[in-house]
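One structure is given below, encoded as structure tokens.
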Amino acid sequence: MKRILLTFVTGLLVFSAMNAQEEPKLVVKPSGRILMDAGVFSAQHSNDQLKSGVGIPDMRVGVGFTYGQWKGKIDMGYASGKVNLKDVWMQYDFNKEQFIRGGYFIHQYGLQSCTSSSFKESMEEPSCNQVFNNNRMVGLMYEYNGSNVLGTASVVVETDAMKLKTNETGRQAFGGMARFVYRPMTESGNIFHVGVSGGIEEARYNADAALNHKVFDLSTTWPTRVCNVKAQRALVDNAKMMYKFTPEVLFSKGRLAVEGQYFYNTISR
């Protein structure tokens with residue numbers, strides 16, 4: 001009887017120890033960064049808005065956490081005298097290759113969604129990406145990230161859903177997007193990938209009631225953070241839906257790198 005009892009107690013202790021080892025731990029990591037910028041411009045016209053100066057156009061303070069297969073991030077930004085939310089999301093990892101994420105973040109679409117703005121190859125994101133792509137959006141994204149293949153699919157609502165309530169915006173505009181990338185070469189200094197992204201979205205919110213959800217405002221600023229001046233703008237009214245498509249390519253060998261992307265956007269009216 002003593003042997004049976006001893007065996008049972010020993011087994012219980014071993015089982016408890018195994019459970020204690022498998023119990024996930026909450027890991028919290030603070031994050032932050034400061035972006036400084038300076039610019040010198042030569043104005044050719046008296047009404048030119050591009051003025052020389054310095055500034056701190058972006059400052060971030062945030063926190064990220066992991067708990068077993070769960071991850072999350074909350075990132076606050078301070079820019080141009082205003083405090084606003086940046087990344088706010090929660091994620092569940094099915095395994096090392098697949099996860100689903102919900103919240104407010106940049107969804108995968110084209111080359112510029114590969115990395116954070118802190119790690120761009122160029123000084124600023126290309127103007128074409130500002131015009132034809134979206135900023136952070138509230139939505140749900142599934143991602144498969146294999147050794148040679150990346151695939152994502154997202155369901156989103158318009159960007160203003162994070163700032164305004166539906167009694168102000170009216171019925172929110174919905175959309176969807178997807179990205180597929182094939183990357184046969186993934187070694188450091190030896191990279192090649194080709195990909196394609198596509199999407200569809202409804203006409204966006206506008207403060208003018210006559211234009212609300214009947215317009216797409218496509219615009220870009222000059223590539224500087226010292227001032228915020230529109231470089232190009234197209235206001236497409238009487239709009240219904242936008243359909244967009246973009247192939248991409250990236251090649252890197254040693255110190256040489258080439259990337260390219262083509263945007264095709266069409267709007268039904």
Side-chain angles (χ1 to χ4, degrees), residues 57-58 60 62 72-91 100-117 120 124-143 152-179 197-221 225 228-237 239-246 263 265-268:
D58 195 12
R60 301 281 187 88
K73 184 178 181 181
I74 300 175
D75 201 13
M76 302 292 294
Y78 177 83
S80 303
K82 297 179 180 179
V83 177
N84 54 68
L85 290 171
K86 295 297 182 179
D87 292 318
V88 182
W89 51 262
M90 288 192 66
Q91 174 178 311
I100 188 166
R101 177 185 296 176
Y104 183 64
F105 57 95
I106 295 178
H107 295 255
Q108 290 272 351
Y109 186 83
L111 279 170
Q112 294 302 309
S113 58
C114 292
T115 63
S116 165
S117 58
K120 296 301 182 190
E124 287 288 342
E125 69 172 316
S127 297
C128 56
N129 190 70
Q130 274 196 20
V131 176
F132 297 119
N133 206 349
N134 290 309
N135 205 329
R136 290 169 176 83
M137 304 179 80
V138 177
L140 194 67
M141 181 180 76
Y142 165 81
E143 178 176 308
T152 69
S154 296
V155 178
V156 298
V157 295
E158 58 184 317
T159 302
D160 286 294
M162 193 65 179
K163 307 171 185 177
L164 303 172
K165 295 180 174 59
T166 53
N167 60 305
E168 299 171 286
T169 63
R171 188 186 71 84
Q172 294 170 349
F174 285 79
M177 61 186 74
R179 184 179 184 220
S197 301
I200 180 174
E201 61 181 280
E202 296 177 306
R204 302 168 185 167
Y205 166 79
N206 192 284
D208 186 342
L211 298 176
N212 191 25
H213 292 121
K214 297 178 182 178
V215 66
F216 284 98
D217 189 350
L218 309 177
S219 63
T220 180
T221 58
R225 300 291 184 93
N228 187 18
V229 182
K230 297 288 185 185
Q232 292 179 315
R233 185 185 186 196
L235 193 68
V236 184
D237 58 4
K240 293 182 179 179
M241 300 287 291
M242 176 187 287
Y243 306 90
K244 55 187 184 179
F245 166 79
T246 175
F263 289 92
N265 287 42
T266 182
I267 298 173
S268 64

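With rounding to the nearest 0.5 Å, the separation of CG in Asn265 from CG in Asn133 is 9.0 Å. Between atom CG of residue Asp87 and atom CD1 of residue Ile74 there is a gap of 11.0 Å, rounded to the nearest 0.5 Å. With rounding to the nearest 0.5 Å, the separation of CE in Met137 from CZ in Phe174 is 10.5 Å.
Here the side chains of Gln172 and Thr166 are in contact, with some heavy-atom distance below 4.5 Å. Under the 4.5 Å side-chain criterion, counting only non-hydrogen atoms from C-beta, Trp89 is in contact with Lys73. At a threshold of 4.5 Å between non-hydrogen side-chain atoms, the residues Arg60 and Lys86 count as touching. No side-chain heavy atom of Ser197 sits less than 4.5 Å from a side-chain heavy atom of Met177. By the 4.5 Å heavy-atom criterion applied to side chains, Thr152 and His107 are not counted as neighbours.
Within a 6.0 Å sphere centred on CG of Leu218, heavy atoms belonging to other residues, nucleotides or ligands number more than 12. Within a 6.0 Å sphere centred on OH of Tyr78, heavy atoms belonging to other residues, nucleotides or ligands number 12 at most. For Glu168, the CD atom counts as densely surrounded, since its 6.0 Å shell holds more than 12 non-hydrogen atoms of other residues, nucleotides or ligands. Atom NZ of Lys230 has more than 12 heavy atoms from other residues, nucleotides or ligands within 6.0 Å.
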- Step by step, would you call Arg204 with Asp217 a side-chain contact (heavy atoms from CB on, under 4.5 Å)? CA-CA 8 Å; Arg204 302 168 185 167; Asp217 189 350; 5.8 Å; no
- Task: Could you give me the CA-CA distance, side-chain angles and deciding distance for Met76 and Leu85, then say whether side-chain contact (heavy atoms from CB on, under 4.5 Å) is met?
- Result: CA-CA 5 Å; Met76 302 292 294; Leu85 290 171; 2.9 Å; yes
- Yes or no on side-chain contact (heavy atoms from CB on, under 4.5 Å) for His213 and Glu202, after CA distance, side-chain angles and deciding distance? CA-CA 8 Å; His213 292 121; Glu202 296 177 306; over 6 Å; no
- Message: Please determine whether side-chain contact (heavy atoms from CB on, under 4.5 Å) holds for the pair Met162 and Arg136, giving the CA-CA distance in whole Å, both sets of side-chain angles, and the decisive distance to 0.1 Å.
- Response: CA-CA 9 Å; Met162 193 65 179; Arg136 290 169 176 83; over 6 Å; no
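Minimum interatomic distance between Phe216 and Ala239 (heavy atoms only, all atoms of both residues): CD1-CB, 3.5 Å. Here the shortest heavy-atom pairing between Val156 and Gly176 reads CG2-N, 4.3 Å. Smallest separation of non-hydrogen atoms from Leu211 and Asp237: CD2-CB, 4.3 Å. Taking all atoms of both residues into account, the shortest heavy-atom contact from Ser127 to Thr221 is OG-O, 4.2 Å. Nearest heavy-atom pair across Ser154 and Met141 is OG-CG, 3.1 Å.
The ring-ring contact (aromatic ring centres under 6.0 Å, His included) test applied to Phe132 returns Phe263, not counting sequence neighbours.
Checking side-chain atoms of Thr266 against main-chain N and O of Tyr243 turns up no donor-acceptor pair under 3.5 Å. Checking side-chain atoms of Asn212 against main-chain N and O of Thr169 turns up a donor-acceptor pair under 3.5 Å. Within the 3.5 Å criterion, the main-chain N or O of Thr159 finds no donor-acceptor partner in the side chain of Asn134. With Gln112 contributing its side chain and Asn129 its backbone, the two residues share no donor-acceptor pair below 3.5 Å.
Ion pair Lys244/Glu201 flagged as a salt bridge, since at least one NZ, NE, NH1 or NH2 atom sits closer than 4.0 Å to an Asp/Glu carboxylate oxygen.
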